[in-house]
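Working notes, beginning with the structure itself.
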Amino acid sequence: MEKADIKSWNQTELKEFLVSLGEQPFRAKQVYSWLHVKHAETFEEMTDISKKLKDKLTNTCELAVLHKEKVQCSQVDGTRKYLFSLADGNMVESVLMHYRHGDSVCISSQVGCRMGCQFCASALGGLVRNLTPAEMLEQVYQIQKDSGRRVSHVVVMGMGEPLDNYGNLLKFIRMISDGNGLNISQRNLTISTCGIVPNIYHLAEEGLQVTLALSLHAPSQEKRLLLMPVAKKYGVIQVVEACRHYVQQTGRRITFEYSLVAGANDGEADARQLAGLIRGINCHVNLIPVNPVKGRGFVPPSRQATLNFKNKLEKYGINVTIRREMGQDIDGACGQLRRRFSER
Ligand code: SAH
């Protein structure tokens, strides 16, 4: 019999399971705390539950634990990049960034990705599989354990498309912000999507306070199609409309991510068109000079061209920042560490 993935259960599910084993309902809180606050890696460690229950759990449940394969530390800004292996041998990447406002962790939501964005390293091998809620949580738990500091912010911006793993993502959001778990404020969670329109509408109805980031990357349907195949299915007007709805429904300001590619989307006309496209939405634009990925041939604009683009957007009244590049000396763009590791 396959063992149950106990770390992916919320408290209600855990309670139902323990009651079905003949335990008192209050045990759920204890076990949940061992899993999600004390981060026990074995059932043996759970000192305040009976030997009988520990044995039952050992026989029926597995404890998803990620294994640290490799850690790279930036000499420049202290950013740490982690390569974790999962129980089935697959690997994912996560990143720890240290800011004045706290420690932020960037996690992966899938092994690989099927969205096929042209500039992205994670797209190169296609999708292998979705991550479970436990595997998403574990990236944060392991990093917190490793650094010895509390993680205050989580961004789902690593490998994978979070809205292509919707059910597990939702569970992850609710469990990481659960008062009986790590209790990270939903306002400190950011979900980055390439624009799966129906799931943006669903997310708007979940009663959450998370920040949505849309990877826009182009000011028109024509240009977006050249970079992001997802635009074939969900056009740029449709996706921006969905974002407008998300802001209205949740009251949360949205982030538009815009990777600047020299000669492709960084001209003055692009800036003007972009400003027109998102006009009237409570938003913030984050410019990211594209990170060159081996075999892709995309080049970032010069510093000056990047600044010109930013100034132009500001002139149109758009709130805009240029993403501070963290950990440039350690395989910057997402998916690069995993690829380099598997090439060896
Ligand atoms: N699938 C999600 C999250 C993963 S990527 C999404 O599409 O948003 C996180 C961000 O990094 C996205 O905005 C993505 O488009 C961007 N990105 C990926 N590869 C990049 C590269 N080589 N240079 C710059 N940005 C990149």
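Both counts, for ligands and for their atoms, begin at 1 and track the order of listing. All residue numbers in this chain count up from 1 along the given sequence.
Distances from ligand 1 to the non-hydrogen atoms of Cys113 include no value under 4.0 Å.
No side-chain N or O of Gln221 forms a donor-acceptor pair with one of Gln238 less than 3.5 Å apart. Between the side chains of Glu161 and Thr193, at least one donor-acceptor pair of N or O atoms lies under 3.5 Å. Side-chain contact of Gln24 with Arg27: a donor-acceptor pair under 3.5 Å is absent, judged by distance alone. For the residue pair His101/Ser152, the side-chain donor-acceptor check at 3.5 Å is not satisfied.
Residue nearest to atom 4 (C) of ligand 1, selected from Ser192, Gly158, Ser108: Gly158 (by heavy-atom distance). Among His217, Gln110, Met159, the residue whose heavy atom lies nearest to atom 16 (C) of ligand 1 is His217.
Counting heavy atoms under 4.0 Å from ligand 1, residue Ser259 touches it through the side chain alone. For Leu214, no heavy-atom contact with ligand 1 is shorter than 4.0 Å. At a 4.0 Å heavy-atom cut-off, ligand 1 does not touch Met115 at all.
Close approach of ligand 1 to Cys194 (heavy-atom distance below 4.0 Å) involves ligand atoms 6 (C), 7 (O), 8 (O). Near Gly160, with a cut-off below 4.0 Å to any heavy atom, the atoms of ligand 1 are 1 (N), 2 (C), 3 (C), 4 (C). Residue Glu257 has at least one heavy-atom neighbour below 4.0 Å for each of these atoms of ligand 1: 10 (C), 12 (C), 13 (O). Of all atoms in ligand 1, listed by their number and element, those nearer than 4.0 Å to a heavy atom of Val293 are 22 (N).
Put simply, NE2 on His245 and CD1 on Ile254 are 11.0 Å apart, with the number rounded to the nearest 0.5 Å. Atom-to-atom distance recorded for Met175:CE and Leu182:CG is 10.5 Å, nearest 0.5 angstrom.
Residues passing the salt bridge (charged side-chain N to carboxylate O under 4.0 Å, His left out) test with Arg174 are Glu206, sequence neighbours excluded. Residues satisfying the ring pair (Phe, Tyr, Trp, His ring centres under 6.0 Å) criterion with Tyr234, sequence neighbours excluded, are absent altogether.
Any N or O atom pair closer than 3.5 Å counts here, and Ile288 shares no such pair with ligand 1.
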